[in-house]
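First the structure, in the form of structure tokens, and then the observations on it.
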Amino acid sequence: LADRVSNKMAFAQGAGRTLVEFRAGKMNLTGTTVKPDPRKGMFQLIQDEDSLVHVIWKDRTTQQTEHNLIVFPGDATFTRLPQCTTGRAFVLKFPQTGKKLFLWMQEPKEDKDAEYTSLVSSILAEGASAGGQGGSGLDQSSLLAMLSGQSASQATPAAAPTAAPSASAGGSSVDSATIDAMIASIAQAQAQGSQSQQQQQQQRAARAAAEAARLQQRKALETAKRVLGVTDQATPAEIKLAYRKLALVWHPDKNSHRLEEATSKFQELSNAYNLLTSPA
């Protein structure tokens with residue numbers, strides 16, 4: 001078990017931090033009805049090394065990730081669907097784009113549904129800090145004790161374990177996903193503990209600046225698409241055609257009766273076109 005934990009910790013140090021996860025399948029919207037996808041799935045909110053939050057859904061059987069969306073605070077909401085009376089259905093909404101991801105809960109018991117909903121909603125509204133410490137206060141000996149079925153008070157808090165618990169010792173079991181989340185939290189806590197407070201402050205400031213820049217860039221792109229009346233899936237040719245049509249309408253030479261308005265609008269169209277066609 002000690003080797004298993006050490007290997008997983010080495011992996012977790014290069015991975016994101018799991019803020020919340022639970023078993024949930026997808027549902028497909030057909031007209032006004034949602035129908036469940038029978039596959040076994042996993043829904044996760046993960047914080048990457050840049051402190052950005054990712055919404056992830058993956059197939060638990062194939063371990064293939066089908067959705068990996070970066071979300072900023074306030075981008076999305078997560079609620080239960082009271083209209084569904086035959087199961088436990090939820091919807092992740094992106095109000096700005098109209099995108100929706102429908103889920104059906106696959107956790108065997110319903111007692112934690114409200115807790116999951118509240119935690120996901122808080123993280124989506126406030127960012128990763130709303131997820132709390134997520135168990136980052138556990139050291140390796142506490143983790144080993146938990147995996148072997150001991151309580152936290154039975155573990156020796158400061159000393160490393162001298163031997164791994166026997167597999168035949170009994171006690172409660174912990175699933176692999178929970179182990180991964182716990183180990184990721186421990187690895188993060190250890191990495192933070194090796195840095196000075198000043199370094200941590202500098203990193204937080206740099207990550208906040210990067211997140212703000214990404215948010216500003218994304219909003220600028222959304223505004224540019226709205227100005228030209230194109231969708232997220234528009235090709236370069238479609239963007240160019242939309243610009244030419246609007247430019248003909250608003251060219252100052254053709255709008256002497258409203259020259260100031262046309263000049264401003266034409267400049268706005270040109271800026272939007274340049275932004276959408278410039279290299280990333």
Side-chain angles (χ1 to χ4, degrees), residues 9-21 43-58 65 67-78 92-99 101 118-137 180-181 183-228 230-234 236 239 267-280:
M9 288 183 67
F11 171 79
Q13 287 173 355
R17 180 167 72 101
T18 302
L19 303 174
V20 60
E21 68 178 6
F43 177 85
Q44 298 173 308
L45 293 183
I46 292 181
Q47 182 184 24
D48 67 18
E49 60 184 6
D50 293 321
S51 294
L52 298 177
V53 176
H54 295 245
V55 172
I56 290 176
W57 186 90
K58 64 182 179 181
T65 297
H67 296 278
N68 186 347
L69 308 171
I70 295 177
V71 292
F72 293 91
D75 271 0
T77 61
F78 185 77
L92 179 72
K93 293 182 182 179
F94 295 84
Q96 289 186 354
T97 62
K99 182 179 178 65
L101 177 62
S118 176
L119 182 55
V120 171
S121 297
S122 296
I123 294 171
L124 293 177
E126 303 170 25
S129 59
Q133 295 300 315
S136 60
D180 291 342
I183 293 172
S185 296
I186 294 172
Q188 184 186 36
Q190 289 178 334
Q192 289 177 344
S194 65
Q195 299 171 337
S196 69
Q197 185 176 3
Q198 183 179 5
Q199 288 175 320
Q200 292 181 32
Q201 291 174 345
Q202 290 174 344
Q203 288 180 354
R204 284 195 292 268
R207 288 172 178 172
E211 183 172 343
R214 287 189 181 95
L215 179 60
Q216 183 178 6
Q217 175 69 4
R218 192 187 64 176
K219 287 185 175 180
L221 290 172
E222 291 176 351
T223 300
K225 292 172 186 176
R226 187 165 57 250
V227 168
L228 295 182
V230 296
T231 66
D232 292 340
Q233 293 75 35
I239 293 172
Q267 184 62 51
E268 184 183 27
L269 292 170
S270 299
N271 291 341
Y273 176 72
N274 290 334
L275 180 61
L276 292 177
T277 57
S278 62

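All values below were derived from every heavy atom in this structure, side-chain atoms included, with hydrogens, water molecules and symmetry-related copies excluded.
When the side-chain hydrogen bond (donor to acceptor under 3.5 Å, both in side chains) test is applied to Gln44, the partners found at least two apart in sequence or on another chain are Glu21. Here Glu222 pairs with Gln96, Arg218 under the side chain to side chain contact (heavy atoms under 4.5 Å, CB included) rule; sequence neighbours left out. Annotation: side-chain hydrogen bond (donor to acceptor under 3.5 Å, both in side chains) contacts of Lys93 (sequence neighbours excluded): none. Ala208 meets the side chain to side chain contact (heavy atoms under 4.5 Å, CB included) test with no other residue; sequence neighbours excluded. Qualifying side-chain hydrogen bond (donor to acceptor under 3.5 Å, both in side chains) partners for Asn68, counting only residues two or more places apart in sequence or in other chains: His54. Evaluation of the side-chain hydrogen bond (donor to acceptor under 3.5 Å, both in side chains) rule for Ser118 yields no partner, not counting sequence neighbours.
The nearest pair of heavy atoms linking Thr231 to Lys225 is O-CD, 4.3 Å. Of all heavy-atom pairs spanning Pro73 and Ala125, the tightest one is CB-O, 3.5 Å. Contact detail for Lys58 and Thr65: the closest heavy-atom pair is CB-CA, 3.7 Å. Taking each heavy atom of Ala76 and Pro95 in turn, the nearest pair found is CA-CD, 4.2 Å.
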Take Phe43 and Val120 through the side chain to side chain contact (heavy atoms under 4.5 Å, CB included) test and state the conclusion after the steps.
CA-CA 10 Å; Phe43 177 85; Val120 171; 4.1 Å; yes
Verify side chain to side chain contact (heavy atoms under 4.5 Å, CB included) between Ile239 and Tyr273, making sure each step is shown before the conclusion.
CA-CA 7 Å; Ile239 293 172; Tyr273 176 72; 4.0 Å; yes
Run the side chain to side chain contact (heavy atoms under 4.5 Å, CB included) test on Gln217 and Leu275 for me, step by step, so that the C-alpha distance in whole Å, both residues' side-chain angles and the decisive distance to 0.1 Å come before the verdict.
CA-CA 10 Å; Gln217 175 69 4; Leu275 180 61; 4.2 Å; yes
After noting the C-alpha distance and the side-chain angles of Phe72 and Val53, does the key distance pass the side chain to side chain contact (heavy atoms under 4.5 Å, CB included) rule?
CA-CA 7 Å; Phe72 293 91; Val53 176; over 6 Å; no
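Side-chain contact between Val55 and His67 is absent, with no heavy atoms from C-beta onward closer than 4.5 Å. Using a 4.5 Å heavy-atom cutoff, the side chains of Val20 and Ile123 are in contact. At least one side-chain heavy atom of Leu92 sits under 4.5 Å from a side-chain heavy atom of Leu124. Looking only at side-chain heavy atoms (C-beta outward), Leu228 and Leu269 come within less than 4.5 Å of each other.
To the nearest 0.5 Å, the span separating CD1 on Ile56 from CD1 on Ile70 amounts to 10.0 Å. Interatomic distance, OG of Ser122 versus CG of Leu19, reported as 11.5 Å (0.5 Å rounding). From Glu268, atom CD reaches atom OG1 of Thr223 across 9.0 Å, with rounding to the nearest 0.5 Å.
Judged purely by atom type and a 3.5 angstrom limit, Asp75 has no side-chain atom pairing as donor or acceptor with the backbone of Val71. In this structure a side-chain-to-backbone donor-acceptor pair under 3.5 Å is present from Arg207 to Glu49. Although no hydrogens or angles enter the test, the distance criterion places a donor-acceptor pair under 3.5 Å between the side chain of Ser121 and the main chain of Phe78.
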